[in-house]
2 protein chains.
Amino acid sequence: MSRPADGPAKEQGGRRAETRQRLYRAAADLIAEQGFAATTVDAIAERAGVAKGTVFYNFGSKEALFAGLLDHGIERLAGALAEAARGPATSPVAVLDALMLAQLRFFDEYGPFARVLLAELWRAAWQDAVLRLRTSVLAVYERVLADAVEAGELRPGFDTGTAATAVFGMVLTVAIERRALRPDQPVEDVHATLVELVHRRISP
Amino acid sequence: MSRPADGPAKEQGGRRAETRQRLYRAAADLIAEQGFAATTVDAIAERAGVAKGTVFYNFGSKEALFAGLLDHGIERLAGALAEAARGPATSPVAVLDALMLAQLRFFDEYGPFARVLLAELWRAAWQDAVLRLRTSVLAVYERVLADAVEAGELRPGFDTGTAATAVFGMVLTVAIERRALRPDQPVEDVHATLVELVHRRISP
DNA sequence: TCTTTTGCACTGACCAGTCGGTGCAAAAGA
DNA sequence: TCTTTTGCACCGACTGGTCAGTGCAAAAGA
């Protein structure tokens, strides 16, 4: 028997939940380096310090493990952004700055996930995850930009959808590059550069 | 004994060169959809209308085919940007606008390559290609930003390296999203939004 | 007791790379 | 002129290895 594989259910502090966390972390590390298809279940299990059977006992399949990983990461990212959006910032544009900083920090401490997202997100196989990213992450950016339009800080008719994607992609790219090439540069410096880019200080 | 595999040599209009072009195109299409590891050589050969042996005759290995594809694409992108930079724009910031439009257009007509770049570029295996991208593509952005600093259009000390990556990543992300989700939106509109974002019009 | 994890042998599909061979056009004899 | 040779580009059946997923009995929690 023994075929629960009930999919990633409640993520709490039980024994099973802890095993799943370890598997998520191991999978994220390896998939960030090699990609989904090139990463073997044996390798994930070994890195997590777990028997191979445990992976299938918990997730049922390699794909389901990955889907769970995407969900888990997107949920946490969305949480971090939502919290930043609730912060003390005074104007929509100040909230935008806070969002960029939050995203930068999130990817700074959960870096492999950033690379997984970037590399695998556009595959047709994970369209659910893309949708979730759009509704729970990009939507935060878009809302803030719409607020800015409403507050008169941006021209009416400004394409907030495209702009939201643009800012998200910009921060994601920069976060990955910084981790790979300039790990010593403080996140705050990078953030300052991006703020300057997106605000008024370009063009005289 | 028939073992040329001289690697991607001169790309001219001969029979071989044409076969290689077809293989590049097929590989880009398939790898954009499925990723490098998940794409089989059989599938690439079939899509290109060529026997499997021909792939190995021309490139020697799956990896070499992919390396050639990256080089080929990066070279063309660099060419497109360099040409835009030589255009009639009057100020550094106007050149920056022209670069973004050129990048957007390039990925618009060579879309699968954009996704390949985004997905595979950060793997340790293709560090050569990353280096080439940095020195031949990002460098164009960085130079123009440095010109802007020199012309007083940007604050002295502005981090042109980070900003170059940021702009490149922003345009790349938006180009992919547009192709996937809003193929009808004119490239010029997207460009206008990005220009607005990067110029002065955000924040009062 | 019930759930979760372990360890390990096994299977079957799939896939990169190989190798003997084909077609063809242009050069080299004769 | 006719025929033989050479070299290039390509073909596709085949092989050896890899890997997701299975089955199961025994141990470890809780």
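Every chain is numbered from 1, with letters handed out A, B, ... down the list of sequences. Not measured: the values here are computed from a predicted model.
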Residue matched to dT22(C) through Watson-Crick or wobble contacts both under 3.5 angstrom: dA9(D)

Backbone of W122(B) reached by a side-chain donor or acceptor of R115(A) within 3.5 Å: yes

T54(A) vs dT6(C): side-chain N/O to OP1/OP2 distance below 4.0 Å: yes

Side-chain donor/acceptor contact of K52(A) with base of dG7(C) under 3.5 Å: no

K62(B): salt bridge (Lys or Arg N to Asp or Glu O under 4.0 Å) partners, not counting sequence neighbours: none

Among dC11(D), dG7(C), dC15(C), the one nearest V50(B) by side-chain distance: dC11(D)

Closest to the R16(B) side chain, choosing from dG7(C), dC10(D), dC19(D): dC10(D)

Under 4.0 angstrom between N58(A) side-chain N/O and dT5(C) OP1 or OP2: yes

Protein-nucleotide distance (F56(A), atom CZ; dT6(C), atom P), rounded to Å: 14 Å

Neighbour count >12 (heavy atoms, 6.0 Å) for atom CZ, R143(B): no

Aromatic ring pairing F106(A)/Y110(A), orientation class (parallel under 30°, perpendicular over 60°, tilted between): perpendicular

Between dC8(D) (P) and R20(B) (CZ): distance, integer Å: 13 Å

D42(A) CG - dT22(D) P separation (whole Å): 14 Å

Rounded distance in Å - CD (E46(B)) to C1' (dG12(D)): 13 Å

Distance, rounded to the nearest Å, where Y57(A) contributes OH and dA27(D) contributes C1': 14 Å

Any T19(A) side-chain N or O less than 4.0 Å from OP1/OP2 of dT5(C): yes

Separation of atom CD in Q21(B) from atom P in dA9(D), rounded to whole Å: 15 Å

dG29(C) pairs with, by Watson-Crick or G-U criteria that keep both distances under 3.5 Å: dC2(D)

Atom-pair distance (NZ on K62(B); C1' on dG17(D)), nearest Å: 15 Å

Atom pair distance, as rounded to whole Å: CD in Q34(B) and P in dC15(C): 10 Å

Sidechain-backbone polar pair: E177(A) side chain, T165(B) backbone, donor-acceptor under 3.5 Å: no

